[in-house]
Amino acid sequence: MSVLESKIVREMVETMSNMYRLGWNERNGGNISCLLNETELDMMLPKKMIKRQIALDFDVAKLMGKYFLVTGSGHYFKNAAKNPEEVLGIVRVGGGGLDLLWGLEDGANPTSELPTHFMSHMARLEQDANHRIIMHSHATHLLAMSFTHSLKEEDFTKTLWKMCTECIIVFPEGIGILPWLMPGSNEIGMETAKKMETCRLVLWPYHGIYGAGCSFDETFGLIETAEKAAQIYSYVRAQGGIKQTISTQELKDLAAVFGVVPRKGVLD
Ligand code: 2HA
Ligand code: ZN
């Protein structure tokens with residue numbers, strides 16, 4: 001089976017096309033990385049020939065020997081379906097940095113947000129052995145909300161939970177929020193990864209959102225659910241503000257019925 005025929009690559013391309021279509025990934029905005037398992041890799045790239053090597057300036061010892069499908073720096077989600085060999089790459093974490101095994105045909109490097117991706121993968125793998133995906137997008141309404149809403153995590157979380165009944169079930173741990181930090185830096189990588197120890201959603205104010213999960217559907221669905229809540233919040237504000245809403249007790253009841261533990265400090 002070729003790389004392009006594999007289920008995981010088809011899912012990545014389909015997800016990127018959906019994200020573009022939703023307006024979350026304009027131009028070269030956003031990036032995704034997916035941890036590949038050995039079986040997938042052996043089917044796609046039995047020879048594992050190294051095309052070129054890429055240096056890294058942060059510690060990835062915990063990911064040594066792991067393979068990732070990544071988006072390329074400067075590439076557009078819009079073009080993923082048309083030019084997957086240019087937009088995507090498969091890399092292996094080696095001693096001296098990354099070994100590129102497939103893709104990034106025009107010489108691009110993996111995403112400029114690689115520190116955040118790799119540090120977040122390390123943080124999520126500590127929490128969940130099935131973790132696989134880190135996804136970043138400039139989801140419109142979440143980004144807008146970062147200008148108008150309190151950036152206290154408990155406040156932001158509670159507002160999102162109240163906008164759609166399913167939110168507390170989909171992300172009971174709430175949302176992590178960073179201060180504004182320089183994109184692409186090791187610092188934003190470390191701070192995002194710290195939040196990822198307890199949250200699968202991390203908001204970068206005035207920039208975008210990060211999501212983590214075990215499959216493309218789950219990770220995309222997580223961002224999609226939070227973004228939908230932010231969209232409703234935008235409409236509610238535009239329609240003159242909240243007249244009535246889900247009560248705190250109803251949120252507690254929802255959590256109990258669906259067997260999730262809501263983040264402490266939000267409902268009490
Ligand atoms: O890859 O979204 O955060 C472009 C970006 C940087
Ligand atoms: Zn971005």
Side-chain angles (χ1 to χ4, degrees), residues 116 119-120 122-131 133-137 139-181 188 190-215 217-268:
T116 293
M119 292 178 199
S120 297
M122 291 189 266
R124 288 309 308 163
L125 283 167
E126 299 263 329
Q127 305 301 321
D128 183 351
N130 294 320
H131 161 80
I133 290 164
I134 297 292
M135 190 179 283
H136 168 55
S137 90
T140 315
H141 300 84
L142 283 165
L143 211 161
M145 241 179 108
S146 72
F147 291 87
T148 60
H149 196 280
S150 151
L151 293 178
K152 194 164 170 265
E153 292 179 357
E154 289 79 6
D155 295 347
F156 206 99
T157 295
K158 191 169 187 182
T159 296
L160 293 180
W161 284 355
K162 287 196 166 200
M163 290 302 119
C164 296
T165 295
E166 69 174 331
C167 280
I168 193 170
I169 303 153
V170 176
F171 50 99
E173 79 272 41
I175 186 166
I177 305 179
L178 297 189
W180 187 89
L181 290 170
I188 204 168
M190 288 186 284
E191 296 304 320
T192 306
K194 244 186 252 168
K195 297 289 182 190
M196 287 270 180
E197 290 170 12
T198 53
C199 299
R200 291 162 301 146
L201 279 172
V202 179
L203 181 70
W204 288 4
Y206 334 123
H207 182 150
I209 186 83
Y210 266 83
C214 302
S215 69
D217 272 354
E218 185 197 305
T219 315
F220 176 82
L222 177 65
I223 293 179
E224 188 184 26
T225 305
E227 168 61 9
K228 175 70 181 277
Q231 183 173 10
I232 297 188
Y233 178 76
S234 308
Y235 291 160
V236 166
R237 291 285 299 262
Q239 289 180 15
I242 293 172
K243 289 244 165 24
Q244 54 276 323
T245 180
I246 312 171
S247 71
T248 301
Q249 186 55 49
E250 284 164 341
L251 286 172
K252 288 181 182 171
D253 295 346
L254 267 170
V257 167
F258 285 87
V260 297
V261 181
R263 175 188 179 133
K264 279 205 177 63
V266 179
L267 299 182
D268 23 64

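Using a 4.5 Å heavy-atom cutoff, the side chains of Lys194 and Met119 are not in contact. Leu181 is listed as a side-chain neighbour of Glu191, based on a closest heavy-atom distance under 4.5 Å. Side-chain atoms of Leu160 and Ile175, non-hydrogen and from C-beta on, do get closer than 4.5 Å to each other. In this structure, Phe258 and Ile168 have side chains that are not in contact, with every pair of non-hydrogen atoms separated by 4.5 Å or more. Side-chain contact check for Val260 versus Leu254: every heavy-atom pair is 4.5 Å or farther apart. At a threshold of 4.5 Å between non-hydrogen side-chain atoms, the residues Arg200 and Tyr210 do not count as touching. Ile134 is listed as a side-chain neighbour of Ser120, based on a closest heavy-atom distance under 4.5 Å.
Minimum interatomic distance between Gly176 and Lys195 (heavy atoms only, all atoms of both residues): CA-CD, 4.2 Å. The nearest pair of heavy atoms linking Met145 to Thr159 is CE-CG2, 3.9 Å. Nearest heavy-atom pair across Ile242 and Met163 is CD1-CE, 3.8 Å. Minimum interatomic distance between Leu203 and Leu142 (heavy atoms only, all atoms of both residues): CD1-O, 4.1 Å.
The distance from the CE atom of Met196 to the CD atom of Glu173 is 10.0 Å, given to the nearest 0.5 Å. Of the inter-residue distances, the one linking Ile246 atom CD1 with Gln244 atom CD reads 11.5 Å to the nearest 0.5 angstrom. Here the straight-line distance linking atom CG of Leu178 with atom CE of Met190 works out to 12.0 Å at 0.5 Å rounding. Between Phe156 atom CZ and Trp161 atom CH2 the span is 13.5 Å, to the nearest 0.5 Å. If you take NE2 on His149 and NZ on Lys152, they are separated by 11.0 Å, rounding to the nearest 0.5 Å. Interatomic distance, CD of Glu227 versus CG of Leu222, reported as 12.0 Å (0.5 Å rounding).
At distances below 3.5 Å, not a single donor-acceptor pair connects side-chain atoms of Gln231 with backbone N or O atoms of Lys228.
The one candidate from Val266, Leu267, Ile177 that meets the side-chain contact (heavy atoms from CB on, under 4.5 Å) condition with Glu154 is Val266.
In this structure, Asp155 places its CG atom where more than 12 heavy-atom neighbours from other residues, nucleotides or ligands lie under 6.0 Å away.
Looking at Ser146 and Trp204, their side chains never bring a donor and an acceptor atom within 3.5 Å of each other. Looking at Thr116 and His136, their side chains never bring a donor and an acceptor atom within 3.5 Å of each other.
Taking the six-membered ring where tryptophan is involved, the planes of Phe147 and Tyr206 are tilted, since the angle between them lies from 30° to 60°.
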